[in-house]
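Labels below follow one simple rule: chain letters A, B, ... track the order of the sequence lines, proteins then strands, and each chain is numbered from 1.
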Protein chains: 2
Amino acid sequence: MSLAQPATWQGVRAEVQRRIRTHQWAPGDPIPNEADLAVEFGCARATVNRALRDLAQAGVLERKRKAGTRVAVNPAGRAVLRIPLIRDEIAEAGLAYGYRLLGSRTACPPDPVRDRLDLAPGTQALHLTALHSGDGAPFVAEDRWINTATVPDASRADFTVQSANEWLVRAMPFAEGRIEISVVAAGSEMAAIFGCDPGAGLLRVERQTWRDGRQITVVALTYRPGHRLVSQL
Amino acid sequence: MSLAQPATWQGVRAEVQRRIRTHQWAPGDPIPNEADLAVEFGCARATVNRALRDLAQAGVLERKRKAGTRVAVNPAGRAVLRIPLIRDEIAEAGLAYGYRLLGSRTACPPDPVRDRLDLAPGTQALHLTALHSGDGAPFVAEDRWINTATVPDASRADFTVQSANEWLVRAMPFAEGRIEISVVAAGSEMAAIFGCDPGAGLLRVERQTWRDGRQITVVALTYRPGHRLVSQL
DNA sequence: CCGAATTTGTCCGTATGTATA
DNA sequence: TTATACATACGGACAAATTCG
């Protein structure tokens, strides 16, 4: 019964996956422990560990100390959405990138934004609006608030030449974030920018980023009509 | 200057990340090889390897044999979008799940679908339409095509009691996939289902899944107005 | 075009730590 | 409390890939 081949961790992973696919090990079932599998496969326990750890990270297995390893009940998929710089996103679409700063001022953000920037009432923040274009045509509109308490340098940066998008990834790398994708009806402003009917549905991506628990920025990106986000499972 | 602390791979990872954050190691720069770092940190090379591999998978580092390890030029973020069962998605919203099959028939799919199912012209496929509801109100409409050549059992399954969504994850686990997110204007049908104006923008998620290069299914999910997809960076 | 050197990738066997049933 | 199973560490070794002379 033993193929006895997989001396590599990828081989072990493939064999384990095969047993799950064929329901030899059914969802919810416990599988043998690392030591036993190492004996069966004729490899070191560390090799089995590497394979099982990989499958656990992929969501195929669930592991707990002492409880052992079991096949995940729902092969809960996760899709990975790439978040490139807007410049790269437009370049990947085969278009020439263009950028224009529309507005820059410090002001008191509206309550929902103030909450997400973790600011005290009455505190001001930096508000930027900008337009990113592809081959000269509007591609995505940016509406951003920056917490100047967390990123004081932002007050002195010149966002007419470099977009806040690019400035921030250099100034504050390794930020954590949260993304919300929704549909918004075009107001008169967006309708004018994108040349669509007011009320038309536009794809909106809102990102909130922070680092070490300190809020950095909140940005809403409104894409031109017909834009699609693509993700690999 | 050596903190000499990190005896664990997480410690090594933290220290490396700190050096990148502080631009001690700048984007594009090569960093010392594993052996040297192991000496500096006073740990085994395997421990350094574990840390650097983790950072590489996170997109922070780029590694190539012989060429060495360098700091990634663009901290290209990736967001992870959870893809739960629709049942779970609705349950997580705190709503009671409901399901109703609207239509089930075999037919020749339209060309775009036929392409993505990798079917020869004139070949038939299984076409399902269904409605998933939360607390009795329509939540998401499903329009699915199943390649019966790849999944012959689908012809005999009863999708009035179990949604194709749930049936497929059990029948064909570990499928690969591709997801596209876009906005679609509500037609008269969707407007009637969701009680919105015709032409209103609705969030649409299209998934294509396959396994071992064989196309399984193509599904378009149209969500009720106001729905938001949330993702962690 | 072809070796040689370098660097990462992975394996082994063992040992210890740690969460938990 | 104790035994179990996973998590991770070490050092040594070889393989594989790629750069470079």
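- Every residue meeting the side chain to side chain donor-acceptor pair (under 3.5 Å) condition with B/Arg87, not counting sequence neighbours, appears here in chain and number order: B/Glu166.
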Polar pairs (N or O, both sides) under 3.5 Å between protein and nucleotides 3-10 of chain C?
residue: C/dT6; atom: O4'; partner: B/Lys66; partner atom: NZ; Å: 3.0
residue: C/dT7; atom: O2; partner: B/Lys66; partner atom: N; Å: 3.2
residue: C/dT8; atom: OP1; partner: B/Thr69; partner atom: OG1; Å: 3.4
residue: C/dT8; atom: OP2; partner: B/Glu34; partner atom: N; Å: 3.1
residue: C/dT8; atom: O2; partner: B/Arg65; partner atom: NE; Å: 3.1
residue: C/dG9; atom: OP2; partner: B/Arg63; partner atom: NH1; Å: 2.5
residue: C/dG9; atom: O4'; partner: B/Arg65; partner atom: NE; Å: 3.3
residue: C/dG9; atom: O4'; partner: B/Arg65; partner atom: NH2; Å: 2.5
residue: C/dG9; atom: O6; partner: B/Arg45; partner atom: NH2; Å: 2.6
residue: C/dT10; atom: OP1; partner: A/Gln10; partner atom: NE2; Å: 3.1
residue: C/dT10; atom: OP2; partner: A/Arg50; partner atom: NH2; Å: 3.2
residue: C/dT10; atom: O4; partner: B/Arg45; partner atom: NH2; Å: 3.0

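- Here A/Trp167 pairs with A/Phe159 under the ring pair (Phe, Tyr, Trp, His ring centres under 6.0 Å) rule; sequence neighbours left out.
- Applying the salt bridge (charged side-chain N to carboxylate O under 4.0 Å, His left out) test to B/Arg45 and every residue at least two apart in sequence or in another chain returns B/Glu34.
- Of all nucleotides in DNA chain D having an atom under 4.0 Å from a heavy atom of chain B, the first and last in 5' to 3' order are D/dT8 to D/dT19.
- Taking A/Asp54 as the reference, A/Arg13 meet the salt bridge (charged side-chain N to carboxylate O under 4.0 Å, His left out) condition, with sequence neighbours excluded.
- Partners of B/Tyr99 by side chain to side chain donor-acceptor pair (under 3.5 Å), not counting sequence neighbours: none found.
- With sequence neighbours excluded, no residue forms a salt bridge (charged side-chain N to carboxylate O under 4.0 Å, His left out) with A/Arg224.
- Qualifying side chain to side chain donor-acceptor pair (under 3.5 Å) partners for B/Gln208, counting only residues two or more places apart in sequence or in other chains: B/Gln215.
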